K.L.:
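This is the structure I have questions about; it appears just below.
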Amino acid sequence: MAELQLADIIKPENKVYGKSKIMTDTPLHYCYGCSHGVVHKLIAEVIEELDIQEETVGVAPVGCSVMMYNYIDIDWMEAAHGRAPAVATGYKRVNPKKYVFSYQGDGDLAAIGTAETMHAVNRGENIVMIFINNATYGMTGGQMAPTTMVGQVTSTSPYGRNVDINGYPLRITELLAMLPGAAYVTRQSVHTPANVRKCKKAIRKAFENSAKNIGTSFIEVVSTCNSGWKIDPVAANQWMEENMFPFYPLGDLKDGERDSFEQFSVQKLKK
Amino acid sequence: MGELRLMKGNEVIAEAAIRCGCDAYFGYPITPQSEVMETLMARMPWEETGMVVLQAESEVAAINMMYGGASAGRKVMTSSSSPGISLMSEGISYMAGAELPGVVVNVQRGGPGLGTIQPSQADYLQATKGGGHGDYRLIVLAPSSVQEMNDFVDLAFELSFKYRNPAMILTDGVIGQMMEKVELSDFKPRWTDEEVERLNGSWAATGKKPNRERAIKTSLELVAEKQEIINQGFQAKYKKMQEEEVRYEMIHCDDAEYIIVAFGVSARISQKAVDLLREQGHKVGLFRPITLYPFPSKIINQMADKVKGFLSVEMNSGQMIEDILLAVSGKTKVDHFGRMGGVIATPGEVVDAMLTKLIGG
C-alpha cells in the first residue's frame, strides 16, 4: 500500500477530527496542561452532536473558567461565586424546555456554593451540573480548596493540609449521589484519550437526561492544575492518578432517575 | 372598577404579581412578609397563569434564581425583609451590573442585625444608595397604602424593564401586615415565548440564534477602561430616571409654611399630624416621595424658597434627611423626627416634634 501523501491527508473526505463548530475561534486563556479546555471541547461537541445550540444555555462560574462564555457559542449567564445552580434553577424553571447546564470548580461548587449545589440536586432540577475538581483555587493562585488532599501543599496550607486545622477533603459527589433528586452522578477524568471519550459519553448522557426530565445529572471531572500545583503537566497527571484517584475514584455513583413522589413517600403522614 | 377586596398588604403583593403577568417568584420565609409566599402557594398560580413559585434554600439562592429567570427575559420577583435583603444584596448588585430587570420587595423590620420583627424604615440608605457593592442604584418605590402595594408591583416591573435595572418596593411591616380596602388590577396574561423574543430578544439569553451574537448576561469586564464605559452607561440611565421617573404626592403644600417629608407608613401618620396642626392654625403640609430613588430633589429645592422649614419624619435615626438636606442646599431649616428599633411614631409625637423643632424653635 502506498504511503499517504500530505495532499491526500488534508483532503476533506479524509478528515477524521476537527474543532467543533460550537467552539468559537477565541484562543483559550488556560495554562498548558489544564483540563478546562478539554471539558469545554467535550461540551461543545455534545451540543453540536445533539443539535441543541439554540436550546442550550450555560451558566459560567467564578474561577478560571469565569470567561468560558467566550469559547462556546451559545447563550450564557455569568453567576456570582457559588450561585450557578441557583441561576440555572431560575432559568430552567421559567424555560423548562431549554437545556441548562452549570459549570463550576471545587471552591465554587463545594465551598461557597455548597448550599446551592445540595439544594439544586435535592430538588431534582432538570439541569446538567459539571464540576471540575482540581483540588485547588486556580485563578486566585493555588489556595487550599475544599477538595485539597490531606498533606497537599497550597499557598494557604504551605505545610500541607492538616485535618486538625483545615478539616477533611470533601467528597461532595458521594453526598450528592445520596440525594433522591439526582438522576445521574458520575466521576470522570480527561487525562488520557480513553478517559476523554468516557467523559464525553457521560456529558452526552447528562444532556440527554435533561430532555427526559428525570432529575439532576452531575458530572465531576477530577482534573489537574499544574500551575496551581506548581509542577509540569505530565507530573500533574501522574500526581492526580497517584493521589487523587484513590480518594476520588472514577466511575458512576448513581445512574437512574430521581425518586418519584410515590417512591419517596416512605410512610403516610398522620393527620 | 376592578375587583374590590379587604386584604393585607403582603397578600396584595402576591395577588398583584399573579395579575400583572409575573413569570416567577423565588423567596424564603422571613417575618413580617411570609404571607407573600404563603398566599402565592395557596393560590397555585402555576395552575392558572403558569407562574412559577419556588421556595428557595436561602435569600442568597432566591435572588440568584431571579438572576437566571431575568436573564431569560422573564418577569421575576422576590420579597423579603431587612436581614434577608442584606443577604440578597450580592445578587442585586450582580443584577444591576448585568442590567437585568426584576422586582424585589422589602417589607422592612427594625435592625441592625437580627433586630426585631416590628416595622421600621431603617433600610432607606441601603435601598436608595445601592446596598451591595459597586456604583449602582435601584428604582425604589415606597407605597403608603395597601392600594399602592397593588399598584406598584406592575409599575415596578414596567420601570425595571424600561431601564433594565432591578426595582425595589420599599415598604414596612405596617403596610405589609395591615388590612385595607383594595381595588385589584385586572389580569394581564404572561408574555408568550414570542412576546419575550419580540420585547426582550435584543438582550435576553433566549437561546443563541444563527442571526445574532450570543447573549452573555454578565457583570464582568476586566479591562478598566471598558468597565468605566459600562459604568458611564449606568450613570446615564440613572440620570434619565432622575429626569423622567420622579413621583411624589403633595397634601396641603400650596399655602404651607412648614412641610413634613415622609414616605410609607410615616406619611400616613404624618397626614394625621398635618390635620391636627392645621386645626391649631399652623400652615403645615405633607410632601410624600413615592420614588425614593430617583429622589424628588428638584421640587424640594423649589419649595425650599418658600417654606420656613422641613421636618423629615422617618422610622429610623434620620436617613432620608440626608437627601432632603442635599435638595434644600441650606436654603431653609431641616430637622428630623423618628422612632427606631420597630417603634411606630404617633401623630401626637409628630405634632410635638414640629412644634418644638421648627414652628416654636
Side-chain angles (χ1 to χ4, degrees), chain A residues 21-22 24 26 29 47 52-63 65-100 102 112-123 125 127 139, chain B residues 22-26 46 50-76 78 90-95 97-98 100 102 132 190-191 193 196 201 203-222:
Chain A
K21 277 182 282 190
I22 307 293
T24 65
T26 311
H29 71 277
I47 292 169
I52 53 170
Q53 184 185 18
E54 278 187 46
E55 286 78 44
T56 304
V57 175
V59 186
V62 171
S65 48
V66 63
M67 283 182 284
M68 74 180 291
Y69 49 70
N70 287 334
Y71 310 130
I72 303 180
D73 193 21
I74 53 169
D75 278 0
W76 284 95
M77 295 169 280
E78 163 55 38
H81 199 30
R83 317 301 175 216
V87 172
T89 296
Y91 191 96
K92 180 72 179 181
R93 289 285 180 129
V94 298
N95 263 327
K97 285 180 187 155
K98 287 277 196 295
Y99 293 82
V100 183
S102 60
I112 196 167
T114 311
E116 286 80 3
T117 301
M118 298 287 288
H119 285 278
V121 178
N122 197 47
R123 284 189 304 265
E125 297 293 339
I127 57 173
M139 189 177 69
Chain B
C22 178
D23 293 296
Y25 171 94
F26 305 105
W46 51 92
M51 176 184 173
V52 171
V53 187
L54 182 59
Q55 180 167 339
E57 61 270 28
S58 66
E59 288 91 347
V60 175
I63 192 71
N64 284 284
M65 289 173 184
M66 269 185 73
Y67 187 105
S71 295
R74 289 286 176 180
K75 286 161 95 167
V76 291
T78 188
E90 176 199 49
I92 295 173
S93 167
Y94 277 67
M95 287 181 74
L100 293 173
R190 286 174 54 236
W191 287 330
D193 287 350
V196 168
W203 58 268
T206 56
K208 199 226 174 242
K209 314 291 180 297
N211 60 354
R212 68 155 165 83
E213 283 292 298
R214 60 190 179 283
I216 302 165
K217 304 326 295 172
T218 182
S219 54
L220 179 70
E221 175 49 66
L222 290 176

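First the proteins, then the strands, lettered A, B, ... as listed; each starts at 1. Not measured: the values here are computed from a predicted model. These values consider heavy atoms only, across backbone and side chains, with no hydrogens, waters or symmetry-generated copies.
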K.L.:
Measuring from atom CG of Asn70(A) to atom CD1 of Ile216(B), what distance do you get when rounded to the nearest 0.5 angstrom?
P.N.:
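Rounded to the nearest 0.5 Å, the CG-CD1 separation comes out at 6.0 Å.
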
K.L.:
Got Trp76(A) and Arg214(B) here, is their nearest side-chain heavy-atom distance under 4.5 Å?
P.N.:
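Yes, close enough: below the 4.5 Å cut-off.
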
K.L.:
Please walk me through it: do Arg212(B) and Asp75(A) pass salt bridge (Lys or Arg N to Asp or Glu O under 4.0 Å)?
P.N.:
CA-CA 10 Å; Arg212(B) 68 155 165 83; Asp75(A) 278 0; 2.8 Å; yes

K.L.:
Rounded to the nearest 0.5 Å, what's the gap from CD on Glu55(A) to NZ on Lys208(B)? Could you check?
P.N.:
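Those atoms lie 12.5 Å apart.
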
K.L.:
For Gly207(B) and Val57(A), work out which heavy atoms get closest and say how close.
P.N.:
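Result for this residue pair: N-CG2, 4.4 Å.
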
K.L.:
Considering non-hydrogen atoms only, spot the tightest contact between Pro210(B) and Glu54(A) and give its length.
P.N.:
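So the minimum-distance heavy-atom pair works out to CD-OE2, 3.3 Å.
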
K.L.:
Give, for atom CH2 of Trp46(B) and atom CZ of Arg93(A), the distance between the pair rounded to the nearest 0.5 Å.
P.N.:
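That separation rounds to 10.5 Å.
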
K.L.:
For each of Gln53(A), Lys92(A), Met118(A), tally heavy-atom pairs with chain B at distances under 4.5 Å, and name the one with the top tally.
P.N.:
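Among the listed options, the one with the most contacts to chain B is Gln53(A).
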
K.L.:
Given heavy-atom pairs under 4.5 angstrom as the criterion, report whether the side chain, backbone, both or neither of Leu54(B) touches chain A.
P.N.:
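The side chain, not the backbone.
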
K.L.:
Could you tell me whether Lys209(B) atom NZ has more than 12 heavy atoms of other residues or ligands within 6.0 Å of it?
P.N.:
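Yes, enclosed.
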
K.L.:
With only heavy atoms counted, which part of Met67(A) is less than 4.5 Å from chain B, the side chain, the backbone, both or neither?
P.N.:
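Side chain only.
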
K.L.:
Within a strict 4.5 Å, meaning less than it, do heavy atoms of the Glu57(B) and Arg123(A) side chains meet?
P.N.:
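Yes, side chains in contact.
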
K.L.:
Within a strict 4.5 Å, meaning less than it, do heavy atoms of the Arg83(A) and Tyr67(B) side chains meet?
P.N.:
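The answer is no, as the side chains (C-beta and beyond) never meet within the 4.5 Å cut-off.
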
K.L.:
Name the region of Ile72(A), side chain, backbone, both or neither, that has any atom closer than 4.5 Å to a heavy atom of chain B.
P.N.:
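The backbone, not the side chain.
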
K.L.:
Taking all heavy atoms of Ala61(B) and all of Ala86(A), pick out the closest pair and write down the distance.
P.N.:
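That would be O-CB, 3.6 Å.
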
K.L.:
Count the heavy-atom pairs under 4.5 Å between each of Arg74(B), Glu90(B), Met51(B), Met66(B) and chain A, then report the option with the highest count.
P.N.:
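Of Arg74(B), Glu90(B), Met51(B), Met66(B), Glu90(B) has the most heavy-atom pairs under 4.5 Å with chain A.
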
K.L.:
Counting heavy-atom pairs under 4.5 Å with chain B, which one of Asn95(A), Val100(A), Asp73(A), Thr89(A) comes out on top?
P.N.:
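If we count pairs closer than 4.5 Å to chain B, Asp73(A) comes out on top.
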
K.L.:
Side chain, backbone, both or neither: which part of Ala204(B) has an atom under 4.5 Å from a heavy atom of chain A?
P.N.:
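Just its backbone gets close to chain A.
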
K.L.:
Can you name the nearest heavy-atom pair linking Gly69(B) to Val94(A), along with the distance?
P.N.:
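The pair with the smallest heavy-atom distance is CA-CG2, 3.9 Å.
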
K.L.:
Rounded to the nearest 0.5 Å, what separation is found between the OG1 atom of Thr206(B) and the OH atom of Tyr91(A)?
P.N.:
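Here the interatomic distance stands at 6.0 Å.
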
K.L.:
Could you go through Leu220(B) and Tyr69(A), starting from their C-alpha distance and side-chain angles, then the distance that decides it, and tell me whether this counts as side chain to side chain contact (heavy atoms under 4.5 Å, CB included)?
P.N.:
CA-CA 11 Å; Leu220(B) 179 70; Tyr69(A) 49 70; 3.5 Å; yes

K.L.:
Is Ala88(A) close to chain B through its backbone or its side chain, or both, or neither, when contacts mean heavy atoms under 4.5 Å?
P.N.:
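Neither the backbone nor the side chain of Ala88(A) comes within 4.5 Å of chain B.
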
K.L.:
Checking Leu222(B) against chain A: side chain, backbone, both or neither under 4.5 Å from a heavy atom?
P.N.:
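For Leu222(B), side-chain heavy atoms alone lie under 4.5 Å from chain A.
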
K.L.:
Flag the one option from Asp193(B), Leu100(B), Val196(B), Val60(B) with the top tally of heavy-atom pairs under 4.5 Å to chain A.
P.N.:
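Sorted descending by pairs with chain A, the first entry is Val60(B).
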
